[in-house]
Amino acid sequence: MPATRPILPLWAAVVAAAAGGLVLTLAFPALAWWPVVFAAVPLVLVSLAGRRAWSALLVGFAFGAAFFLVNLSFTARYLGPVPWIALSMLEAILTAVCAIPIALAYRWMPRASSGRWVRLIALPAVVAGLWTMREQLLGSFPYGGFPWGRIGVTQANGPLADVTSWVGMSGLTFLVVFVCAAAIEWARIRWFADLRTALPAVVTALVLVALPQFPTAAAGSLRVGAVQGNGPAGYFDDRGPYDVLNAQLEATEPLVGEDLDVVLWPEGGVDGDPTQSLVASTALDALARRVDAPLIVSAVTQRGELYFNSSLLWEAGADNPVQMYDKRHPVPFGEYVPDRPVYSFFAPDLIGLIQREYTPGTVPPIFDLDGVGVGLAICFDVIYDDVIWDGAKAGAQVFMFQTNNADFRGTSENLQQLAFARMRAIETGRSVVNISTVGTSQIIAPDGSEISGLPADVAGHLLSDVPLRTGLTPAVVIGPFLQLVLGGGSLVAVAAFGIAARLAPPAQREDAGLRGDRRRVKRSGIRL
């Protein structure tokens with residue numbers, strides 16, 4: 001079959017792409033069957049190979065809708081189907097648009113060059129780069145994006161996770177898709193007699209499996225108490241004033257008298273602004289004295305007319321808060337409403353539920369805790385590369401993530417977010433303390449293994465000596481540049497091959513290279 005023709009008829013391609021989306025959801029928690037990505041991605045790619053733009057748009061939409069409607073179903077937990085369907089359809093539409101350049105790469109590159117290594121290396125590399133670009137687009141557009149559902153994060157519990165420390169999650173996505181695309185081309189061309197043609201897929205797969213985690217340097221430990229109060233922290237939970245604060249205080253009580261360097265509370269663990277509320281500030285002052293350690297807590301703070309989702313470093317006898325970090329990526333339609341008049345016209349009741357408009361923070365995501373750099377991320381901050389990389393570059397020796405999963409009780413959202421936290425530990429070579437109001441909470445070692453944990457929907461605390469590390473991994477150092485090369489470079493490459501294909505003589509076909517290879521194989525005496 002010529003390389004520029006579709007592998008599947010359109011109806012079969014739509015079915016296969018939708019199946020690929022559904023299979024891909026199995027790779028994410030709660031099931032976390034990481035190997036299924038090597039079935040899901042090929043289903044999508046064979047559906048796109050050889051397609052023209054409009055049919056690629058349909059196939060891409062089928063994949064995106066099937067994937068996101070399942071993967072993001074937790075968004076319907078309390079607010080019903082409208083936000084879930086709206087977000088899923090937006091992501092599916094963007095996925096459909098991004099499917100077009102992948103299909104064009106499959107059509108243009110074999111026309112531009114008939115060489116075998118273009119088919120086996122260059123084409124899979126461009127396809128993998130375009131897939132990675134799609135993840136980057138969804139993670140940045142619109143309204144700052146929503147980088148959920150990345151291929152890289154599916155490997156949190158698998159043997160490929162260590163690669164993240166070298167190339168980040170985008171790089172891991174690229175390599176996984178490259179293996180799949182290279183294997184597809186090898187099978188399509190049927191160069192089975194020449195084993196060298198299997199090398200691109202095989203070598204990359206071996207690198208994925210064998211590459212160890214990049215080492216960072218040990219720098220002592222920090223004794224951390226992290227508290228999961230399991231209070232009524234959900235948007236629609238029935239609660240009175242300071243019920244969440246009191247739940248956190250009660251769950252912290254067993255830590256009084258322990259030898260501690262810091263006590264960590266989750267996002268929204270103080271349901272009152274301690275910079276303005278005497279009740280909240282007095283309670284934190286008293287707790288800091290009793291545990292004889294600094295507190296890292298979280299609350300909504302107000303400065304003038306602006307509201308922030310803030311992390312605060314609180315010390316006994318100090319002019320508190322000593323340091324403050326404001327969430328860099330407030331959640332659109334969760335913590336603020338962009339273009340409120342427009343969306344209020346379509347869904348006034350839902351938009352009306354979001355009263356506050358949180359302002360994005362601008363300060364570096366790090367606290368200086370008696371000379372120890374503590375990197376920070378508040379809830380969905382953890383899914384954005386820039387927050388984590390900036391914290392590591394600013395000197396973080398450990399990361400502390402504060403989150404509130406109460407609005408998603410009974411779903412896989414907390415486990416998917418925890419997978420991000422585990423990948424961040426491996427990516428940066430740093431321990432991560434991931435604490436939630438209602439769970440699931442964990443202390444994660446620099447290699448991604450669990451030090452200790454608390455299940456969802458229980459009150460309790462974690463107490464551990466958490467390893468500290470210094471030194472930057474390649475993922476942190478080259479991450480932004482690598483994303484630019486993989487995403488932007490793939491677009492430039494497919495455009496260049498498109499021009500070359502248009503300028504190529506009409507008689508030039510990708511089959512010419514295949515015929516030449518067959519002639520060389522026959523001359524060598526190998527029987528096909």
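Model, not experiment: these values are computed from the prediction.
Separating the NE2 atom in H461 from the CG atom in L454 is a distance of 8.5 Å, to the nearest 0.5 Å. Put simply, CG on D386 and NZ on K393 are 10.0 Å apart, with the number rounded to the nearest 0.5 Å. The distance from atom CG of L172 to atom CG of D162, rounded to the nearest 0.5 Å, is 10.0 Å. Here Q417 contributes atom CD and S412 contributes atom OG; the two are 11.5 Å apart, rounded to the nearest 0.5 Å.
S311 and Q402 share a side-chain donor-acceptor pair at under 3.5 Å. Side-chain atoms of D326 and S310 form a donor-acceptor pair, as typed in the model, at a separation below 3.5 Å. There is a side-chain donor-acceptor pair under 3.5 Å between E267 and N309. Donor-acceptor pairing under 3.5 Å is recorded for the side chains of S441 and Q228.
Exactly one residue among V297, L295, L369 makes a side-chain contact (heavy atoms from CB on, under 4.5 Å) with L313. That residue is L369. The side-chain contact (heavy atoms from CB on, under 4.5 Å) test with F399 is passed by exactly one of T428, V387, V433, L376: T428. Just one of F146, Y384, Y143 meets the ring pair (Phe, Tyr, Trp, His ring centres under 6.0 Å) condition when paired with H329; it is Y384.
Using a cutoff of 4.0 Å between basic side-chain nitrogens and carboxylate oxygens, E413 and R77 are not scored as salt-bridged. Between R223 and D465 there is a salt bridge, since a side-chain N of the basic residue sits under 4.0 Å from a carboxylate O of the acidic one.
The local environment of CG in D292 is sparse, with at most 12 non-hydrogen atoms from other residues, nucleotides or ligands closer than 6.0 Å.
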Side-chain polar contacts of residues 32-49 - donor-acceptor pairs under 3.5 angstrom, sequence neighbours left out - could you list them?
| residue | atom | partner | partner atom | Å |
| --- | --- | --- | --- | --- |
| S47 | OG | A13 | O | 3.2 |
| S47 | OG | A17 | N | 3.4 |
| S47 | OG | L43 | O | 2.6 |

Identify all side-chain donor-acceptor contacts of residues 481-495 below 3.5 Å with residues at least two apart in sequence or on another chain.
| residue | atom | partner | partner atom | Å |
| --- | --- | --- | --- | --- |
| Q483 | NE2 | S170 | OG | 3.1 |
| Q483 | NE2 | D385 | OD2 | 2.6 |
| S490 | OG | G129 | O | 3.4 |
| S490 | OG | L486 | O | 2.9 |
| S490 | OG | G487 | O | 2.7 |

Side-chain donor-acceptor pairs under 3.5 Å in residues 209-220, sequence neighbours left out?
| residue | atom | partner | partner atom | Å |
| --- | --- | --- | --- | --- |
| Q213 | NE2 | I426 | O | 3.2 |
| Q213 | NE2 | P446 | O | 2.9 |
| T216 | OG1 | G429 | O | 2.9 |
| T216 | OG1 | R469 | NH1 | 3.2 |

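V458 has its side chain within reach of P455: a pair of non-hydrogen atoms, C-beta onward, lies under 4.5 Å apart. F497 has its side chain out of reach of L123: every pair of non-hydrogen atoms, C-beta onward, lies at least 4.5 Å apart.
With sequence neighbours excluded, the residues satisfying side-chain hydrogen bond (donor to acceptor under 3.5 Å, both in side chains) with D381 are Y325. In this view, F61 satisfies the ring-ring contact (aromatic ring centres under 6.0 Å, His included) rule with no residue, not counting sequence neighbours.
The distance between the ring centers of Y358 and Y336 does not fall below 6.0 angstrom. With ring centers used as reference points, W314 lies 6.0 Å or more from F367. Ring to ring, W148 and F380 are close: their centroids are under 6.0 angstrom apart.
Sorted by first then second residue, the salt bridge (charged side-chain N to carboxylate O under 4.0 Å, His left out) pairs that include residues 442-461, not counting sequence neighbours, are R409-D457.
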(request) Might you work through the ring pair (Phe, Tyr, Trp, His ring centres under 6.0 Å) test for W84 and F333, ending with a clear yes or no? (result) CA-CA 11 Å; W84 163 52; F333 306 101; over 10 Å; no
(message) With side-chain hydrogen bond (donor to acceptor under 3.5 Å, both in side chains) as the criterion, how do E135 and T173 come out once you've worked through the C-alpha distance, each side chain's angles and the decisive distance to 0.1 Å?
(response) CA-CA 9 Å; E135 292 189 349; T173 291; 3.0 Å; yes
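F28 and F67 have tilted rings, their planes meeting at an angle from 30° to 60° on a 0 to 90° scale.
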